[in-house]
Each structure stands twice: as structure tokens, then as C-alpha cells.
Amino acid sequence: MAHRLRYFPVKLLALTFDDGPDPRITPTILKALQAFHAHATFFVLGRNARRFPNLVRAEAEAGHCVGSHSYSHPAYTNSRQAIQELDATQRAIADAAGAPPTLFRPPYGITRGQLAVTARRKGYAVITWTISSADTRPISPEQIAKNVIYTPNPGDIVLMHDGAGHRATAAAVPLILKALSARGWRFVTVPELLQAWAEWEAQPRNVRGSSSTRNRTIAHPR
Ligand code: ZN
């Protein structure tokens, strides 16, 4: 994974949701995203994609990106298990959404484990995050929202969860979308963000400006 250290001026954020889909949480989030014309990225678990294929299909049909988060969320695997985890999830997503995933988020953000190594070898872009909403802690929707609203920089990738039980996250999403939309932010998928970033970097310096007042890091394929 390479880290880019450069100021990116476009007020784009990539909200990402791990561990879903879940029939009580994911539809609420999809509704909020739709209301604000926002796109997001769902890093689904293969086992949940198998149980709830309609939700994976709904994510894809609404223009969101569906990525892989492994099949059963192991921290560590051997190489044979890693291949099984990735391939079974790929099939589950392809069956539900009509296209295989190209992004992988390793469970627990472990980027040097066998799963992430194998995913890179298979051609996935391994994506972590630059802001955590801290929504795996027992905190209120308002606090989750505050963790995101308070801190964003252009190009941030925000870690959230739509697995079972994440009601506070589902309630936080409209708060985040409302507050940041009013301040001119737009919400895009991870591929849309990387595309916008690449296009900006490809511009000549005089168009882009030379401002480097802030350094940003972004998880980037390879
Ligand atoms: Zn996870």
C-alpha cells in the first residue's frame, strides 16, 4: 500500500460500512444515503451477502460500491483459508450484485496479514481508512456523527459499520450527511474518490495550485 502525502482540495468524502449487510441496519442507511444523493462503499461479509443477497443487490443498484471484507471476518488465516475467504465472498457478491468486487478491506485493518497479501495478489485494491467514527464503541449517534463531522479533510475515507446491532451508526448517518452536505461536502464511493484524486493529480501544477499547507494520507492500491 502506498501513502500519498499531498493536499487534495476537493471536498469529497468516502463513507464506508463494514460487516453488513444486515436487514435492520442496512436499509436505514441506504434510505439516508438516497435522501442526500450520497454514494458510499459497503465492505460486506461473504456470509452476510449469502444470507441477504437482496440487500447487496440494493446497494449495487443504488450506485454504491460493494467491496469484500472476507467471508467470516477472521483476523489471521493461512494462505489456503485466505483464498477460500476471498473466493467465497467474491462469488457471493457476484451472485447477488451481478459483478465481482474489486476492493478488499481486511478485517481489523490488518494490512500485512495473509488475507490482505492474498487479496493484493488477486488484484484487489486493499483499502483501509483515514477517519474512524469509533462506532464499534458503545457511544451515541450524536457522538459517532461528531467524530466524523468535526474532523474531515478532503479525500478522507471514513470507517463505519452496518453489521448487526449497529443502530447508533444507522441513526448517525443522516446527521453526518445533513451537517456536511450543508458545508459543501459530497459523498462518493471509494473508486469515485480515487478517480477524482487521480484526475486532480494529473492536472498541470499551475491549474492545481501549489498549496501544500496540509498533508493528507490516503490508503491507495499498491
Ligand atoms: Zn469488520
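In listed order, ligands and their atoms are each counted from 1. Only this structure's heavy atoms are used, side chains among them; waters, hydrogens and symmetry mates stay out.
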Legend entry - Validation row, ring centre Y108 to ring centre H73 under 6.0 Å: yes

Legend entry - Nearby protein N/O/S atoms (those under 2.8 Å) for the Zn ion (ligand 1), with water ignored: D19 OD1, H69 NE2, H73 NE2

Legend entry - Given L15, I127, T189, the one that forms side chain to side chain contact (heavy atoms under 4.5 Å, CB included) with T41: T189

Inset, instruction - Please confirm whether the backbone N or O of D19 pairs with a side-chain atom of N48, one donor and one acceptor, at under 3.5 Å? - result: yes

Inset, instruction - State whether the side chain of T102 and the backbone N or O of Y124 hold a donor-acceptor pair below 3.5 Å, judged by distance alone. - result: no

Legend entry - H64 side chain to A40 backbone, donor-acceptor under 3.5 Å: yes

Legend entry - Main-chain N/O of V158 paired to D156 side chain as donor or acceptor, under 3.5 Å: no

